[in-house]
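Contents: one structure, followed by commentary.
Read the numbers this way: they start at 1 and go in the same order the structure lists the ligands and their atoms.
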Amino acid sequence: MCGIVGVVRLKPQNDVTLGKLIKTCLERLEYRGYDSVGFAVLKNGELVYRKKKGKIADVSPALRFEEFDGSIGVGHTRWATHGPPNDANAHPHMDCTRSIAVVHNGIIANYAKLKDELLALGHKFLSETDTEVFAHLFEQNIKTSQTCYEAFKKAVSQITGSYALVCICLKEPEKMFFARKNTPLVIGVSEEQIFVASDIPAFLEYTNRVIVINDNELGYVSTDGKIVIENLLTSQKVQPYSRLRLIPWTAELARKGGYPHYMIKEIHEQPIAIGDTVRYNANDSALSLAAELVNSARNLFLVGAGTAHYASLTGRDALALLARKPSIPVISSEFSLFSKTATESDVVLAVSQSGETHDTLMAIRSFKEKGAKVISICNVMESAIPRESHIQLYTKAGPEIGVAATKTFVSQVSLLQLLAVRVGLLNGSLKETEASEYIKKLDEIPVLVERNIALSEVRAKELARIFKNKQSAYYLSRGTGVPLAKEGALKVKEVAYIHAEAYEAGESKHGPISLVSEGFPVVFVFSDNEVFDQMRSNLVEMRSRGAYTVGLIGKERKAELAETLDYSFDLSASDSLLNTIAFAPTLQLIAYYLALERGYDPDKPRNLAKTVTVE
Ligand code: M6R
């Protein structure tokens, strides 16, 4: 996730330069990414650009935003995806002639193929990013098009993946071009200027008049105030002002995208986070290298803490089911029991959102001392854990600000499943057709997740009212649902301060059931289709002791449990492994609304830090 902004000035202004205005907009977008910054402005037949690695406050003295004026400009604050954070990979990206400047948020999935074609045509690349491909593609299309807009449109139709793009071009200096697919982009309209940005906070202090751009739409804004929007697929023109809305938000609310908390905003960002993670990694050579290493491992250790450990447990299940590859999950802080046994033939797969968790870092160092190879799955590029790993894989969830991990969990699970499919293909556990069928279903998961968020929101609020005064709860599941139950219970402990314990449902009758009395809440995660009947027996056992039973269940099977569930979430389901992604948001929503109902701020749970850098 990155923050992008474009500004078209409609009137000359003396009080603030365009560069300064872009800087202010970028400061409001820094929550979307902060590893490098850049901008470009068009003025008097010149395109000037500046960019640098670092946070806005740190690089401002070098970039000197204030000194650059003009009538059209773009800016970018980056959260690295393709290529590490450095000056060359910072946006904007330029074409060969330095007359096009592009800022982008998202992932151009087919960039490698396009780059090869453009290299063959003689284009010279300066960065490792996917975005730079677009600048050269645009340049290439200008050669055969009547107008820059025609060339821009052609270029947009040639890329796949997710993108919010804003571009300026010296050849038509009065226009600013934009396009959107699977990642947000909005227009802000004022008397003085028109903005195109990733998010409303970018321009909220200048205007609250907003026009939303939809997926597959593109167009341009010009210095005479004209806004053109059309659908890329149908070429149908949109009346921009028919979509004009007045946003009644404060700046703080705007940073949270209109949501009251980051946690709920990030829950809603999950479809994009999963889609971007899968698209990026499916095309990344690091995934193939990681799959080879995993496949060849004598022992495979999956290391992580907290939510990352639960994601590792889903990885264990995916590797077992899709690749017949056994693995050993290790809680990071317990590494020494395991690293003692490690050899050069072993592999560690370290999972960490922040890439800085002390326990996980200590664990990988200890395994490395024994000669084991380390693959990391992190969300923050160039953080400590990837730096110390042999192979780096990245989730593409964008910055996660809420302390409770939400979108990074589902991104980790998705990436682990993608890896398991690759390993399965390598060792012959999966046939090509089976692998592509699975990937097809994985590609559909963002839609299911979106649907399940919508299905669960009101129900979770209502359940939170019912559970508000409970002291304790069980979360039970079997098979591939167990890590999900553990993650659901962790969320409730973390943000709602209710003691929630997760068990394998079959294990519950070997002790935990003695706590159950009238009204004791038990949440059953029916995500694993293979163990439905056994789960139902455990449900009946709990119900007959007076438990208040809640079920997360695929809606097709709901009727089978109508008699035994007190409360149910009837969800869109896929197969057992994929349901660990599809059902996760419901558990997060239960925790979120319980926190609110009990009067707590879910973004700042007591005693917790987002990144735990102590032993
Ligand atoms: O940054 P990491 O993924 O390594 O962090 C590990 C845990 O501290 C983290 O997952 C924690 O459990 C979550 N905040 C829980 O929501």
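- Close N/O approach between Gln412 and ligand 1 is not found [any backbone or side-chain N/O within under 3.5 Å].
- At least one donor-acceptor pair closer than 3.5 Å links the side chain of Lys491 to the backbone N or O of Ala405.
- Counting atoms of ligand 1 from 1 in the listed order, those under 4.0 Å from a heavy atom of Glu494 are 13 (C), 14 (N), 15 (C), 16 (O).
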Residues 315-329, side-chain donor-acceptor partners within the protein, below 3.5 Å, at least two apart:
| from | atom 1 | to | atom 2 | distance (Å) |
| --- | --- | --- | --- | --- |
| Arg324 | NH1 | Ala320 | O | 3.0 |
| Arg324 | NH1 | Leu321 | O | 3.0 |
| Lys325 | NZ | Val294 | O | 3.3 |
| Lys325 | NZ | Asn295 | O | 3.3 |
| Lys325 | NZ | Ala297 | O | 2.8 |

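- For ligand 1, none of its N or O atoms has an N or O atom of Gly306 under 3.5 Å away.
- Some N or O of Ala405 is nearer than 3.5 Å to an N or O of ligand 1, by distance alone.
- For atom 14 (N) of ligand 1, the closest non-hydrogen atom of the protein is Val403 O, 2.9 Å.
- The distance from ligand 1 to the heavy atoms of Gln353 drops below 4.0 Å at these ligand atoms: 1 (O), 2 (P), 3 (O), 4 (O).
- The protein heavy-atom contact nearest to atom 8 (O) of ligand 1 is Val612 CG2, 4.0 Å.
- Every pair tested for ring-ring contact (aromatic ring centres under 6.0 Å, His included) that includes a residue from residues 302-329 fails, sequence neighbours excluded, so the list is empty.
- Of all protein heavy atoms, the one lying nearest to atom 5 (O) of ligand 1 is Thr357 OG1, 3.4 Å.
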### Query
Can you check ring pair (Phe, Tyr, Trp, His ring centres under 6.0 Å) on Phe520 and Tyr474, steps first, answer last?
CA-CA 8 Å; Phe520 188 97; Tyr474 283 148; 4.9 Å; yes

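- Remark: Arg598 fails to qualify as a cation-pi partner of Tyr497 under the 6.0 Å distance and 45° angle criteria applied to the six-membered ring.
- Contact detail for Met542 and Val516: the closest heavy-atom pair is SD-CG2, 3.6 Å.
- For the pair Asp346 (side chain) and Thr343 (backbone), a donor-acceptor distance under 3.5 Å is present.
- Ranking the protein heavy atoms by distance from atom 10 (O) of ligand 1 puts Thr307 N, 3.1 Å first.
- In the candidate list Ser354, Ser383, Pro605, Ala305, Ser354 is nearest to atom 1 (O) of ligand 1, counting heavy atoms.
- Without hydrogens or angle criteria, Lys407 side chain to Pro399 main chain gives a donor-acceptor distance under 3.5 Å.
- The backbone N or O of Thr277 sits less than 3.5 Å from a side-chain atom of Asn281, completing a donor-acceptor pair.
- Residue Ala404 approaches ligand 1 through these ligand atoms, each under 4.0 Å from one of its heavy atoms: 16 (O).
- Listed by number with element, the atoms of ligand 1 under 4.0 angstrom from any heavy atom of Ala308 are 3 (O), 10 (O).
- Contacts of Lys491 with ligand 1, taken as heavy-atom pairs under 4.0 Å, involve the side chain alone.
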